[in-house]
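Everything on this sheet refers to the single structure shown next.
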Amino acid sequence: MADGVYLISELAELAGLAENTARRYARLFDGHFSGRQSGRVTRYPAEDAELLACIASWYKEGLSTPEVEEKLRSRGGTGRPVGDVDRRLDEVLAELAAQAGEMEDLRAELRRERALRERETTSLRGEIERLRSSKQELRRRLGTLANAVGPSDAFLCLPLVFQSEEEEFLGVSVRGKKHFTLTDFVDLVHRNGRSDRTLALGWEGGRAGWTLHITEYPGRPILEKHHHVRVSRRQTPKGNTVALIEELKVNGRLMPVIFLYELFKQISREGW
């Protein structure tokens, strides 16, 4: 205490209140207190202790803050419209609470939407993988079916030729007769085989080209031999479509062009 003025802690003691309570009342109803600030310290006259005690008693009676403000104003103080400020503060707090609730609802909706999208994405990925597997299986089955069926009749009926070292297309034909075709070659192979038990033929390939696999003595490892004829559809410089022998292997050995010369000469001499 100094010259009849008190610090807020001293004023609270005079009013029989806790210092924090006194500070809250002084701040809430500052227009009704006569405190004077000196530097960073505010000092209050002794009569403000009675004012604190009155405010405390009114709150004990159950009065609201606007009602306490009205009591103070009726005592002749000027004060500030605490009730209006409090009402506005309550409105602002309520609005903030509503906005916070809306934000939380929005977050929850976004989480649900994200979870739904993730499930849909997972499902789509699974469906894509299933379709990819089905596509691969279909291709495998089509390849197996194509190999079992072999080349088309149109492909089998193309003139069978080979290419010389000078890149000429050479085949076999007899005046007044058709060209020697892939069908004729297959028939010739069949005729040279004594039975199905000594010779087996199989096709592998597609639209552009095929490989004829010839197995001698199938299922008999000691005698078994494997020959391969790879043939492709080609266009000659004269515009003719032919079946070109790209490669001929006899028991794994690649045959040179001279072998094809001799083979086609023999076919031409003996006919087919």
Side-chain angles (χ1 to χ4, degrees), residues 1-140:
M1 182 180 68
D3 301 328
V5 291
Y6 301 85
L7 297 173
I8 190 64
S9 58
E10 297 169 335
L11 198 67
E13 186 176 353
L14 288 176
L17 299 174
E19 182 180 344
N20 288 339
T21 302
R23 288 184 182 279
R24 182 163 59 85
Y25 290 167
R27 184 171 57 253
L28 189 59
F29 304 104
D30 60 345
H32 298 282
F33 285 86
S34 304
R36 294 292 181 268
Q37 189 169 357
S38 176
R40 300 179 63 183
V41 177
T42 302
R43 297 182 182 275
Y44 300 86
E47 56 268 23
D48 280 351
E50 180 185 354
L51 186 58
L52 283 173
C54 288
I55 293 171
S57 67
W58 290 331
Y59 273 118
K60 286 181 181 180
E61 292 175 5
L63 271 64
S64 64
T65 298
E67 290 172 334
V68 172
E69 169 67 20
E70 186 61 33
K71 284 275 191 182
L72 291 172
R73 293 173 68 86
S74 66
R75 286 166 55 97
T78 54
R80 59 186 175 86
V82 175
D84 293 341
V85 173
D86 284 346
R87 281 192 297 274
R88 179 57 185 154
L89 180 60
D90 290 342
E91 291 173 0
V92 171
L93 291 175
E95 184 177 351
L96 289 175
Q99 291 177 355
E102 291 176 359
M103 289 296 293
E104 186 57 36
D105 291 343
L106 181 59
R107 290 192 188 97
E109 181 64 27
L110 288 175
R111 286 193 294 269
R112 288 192 294 270
E113 187 70 20
R114 186 180 297 113
L116 177 61
R117 291 291 177 267
E118 288 176 355
R119 288 195 297 271
E120 290 177 347
T121 301
T122 301
S123 177
L124 286 174
R125 285 174 179 169
E127 183 66 15
I128 290 171
E129 187 60 32
R130 187 189 67 78
L131 290 174
R132 184 179 290 116
S133 298
S134 298
K135 183 178 180 181
Q136 292 173 350
E137 177 64 17
L138 181 59
R139 283 180 174 175
R140 186 190 66 79

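- Under the ring pair (Phe, Tyr, Trp, His ring centres under 6.0 Å) criterion, Tyr25 pairs with Tyr59, sequence neighbours left out.
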Could you list the donor-acceptor pairs under 3.5 angstrom formed between side-chain atoms of residues 118-125 and any protein atom two or more places apart in sequence or on another chain?
| residue | atom | partner | partner atom | Å |
| --- | --- | --- | --- | --- |
| Glu120 | OE1 | Arg117 | NH1 | 3.3 |
| Thr121 | OG1 | Arg117 | O | 2.8 |
| Thr122 | OG1 | Glu118 | O | 2.9 |

Can I get a per-line list of side-chain donor-acceptor pairs under 3.5 Å for residues 45-56, giving both atom names and the distance, sequence neighbours left out?
| residue | atom | partner | partner atom | Å |
| --- | --- | --- | --- | --- |
| Asp48 | OD2 | Ser34 | N | 3.0 |

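- With sequence neighbours excluded, the residues forming a salt bridge (Lys or Arg N to Asp or Glu O under 4.0 Å) with Arg23 are Glu19, listed by chain and number.
- Glu13 pairs by the side-chain hydrogen bond (donor to acceptor under 3.5 Å, both in side chains) definition with nothing, not counting sequence neighbours.
- Side-chain contact between Ile128 and Arg132 is present, with heavy atoms from C-beta onward closer than 4.5 Å.
- The shortest distance between side-chain heavy atoms of Gln37 and Arg43 does not fall below 4.5 Å.
- Taking CZ of Arg114 as the reference point, atom CZ of Arg111 lies at 8.5 Å (rounded to 0.5 Å).
- Of the inter-residue distances, the one linking Glu10 atom CD with Tyr44 atom OH reads 12.0 Å to the nearest 0.5 angstrom.
- Considering OG of Ser9 and CG of Asn20, their distance stands at 11.0 Å, rounded to 0.5 Å.
- Residue pairs meeting the salt bridge (charged side-chain N to carboxylate O under 4.0 Å, His left out) criterion with at least one partner in residues 51-67, sequence neighbours excluded, are absent.
- Shown here for Ile8 and Ala26, the closest heavy-atom pair between the two residues is CD1-CB, 4.2 Å.
- Of the inter-residue distances, the one linking Phe29 atom CZ with Lys71 atom NZ reads 13.0 Å to the nearest 0.5 angstrom.
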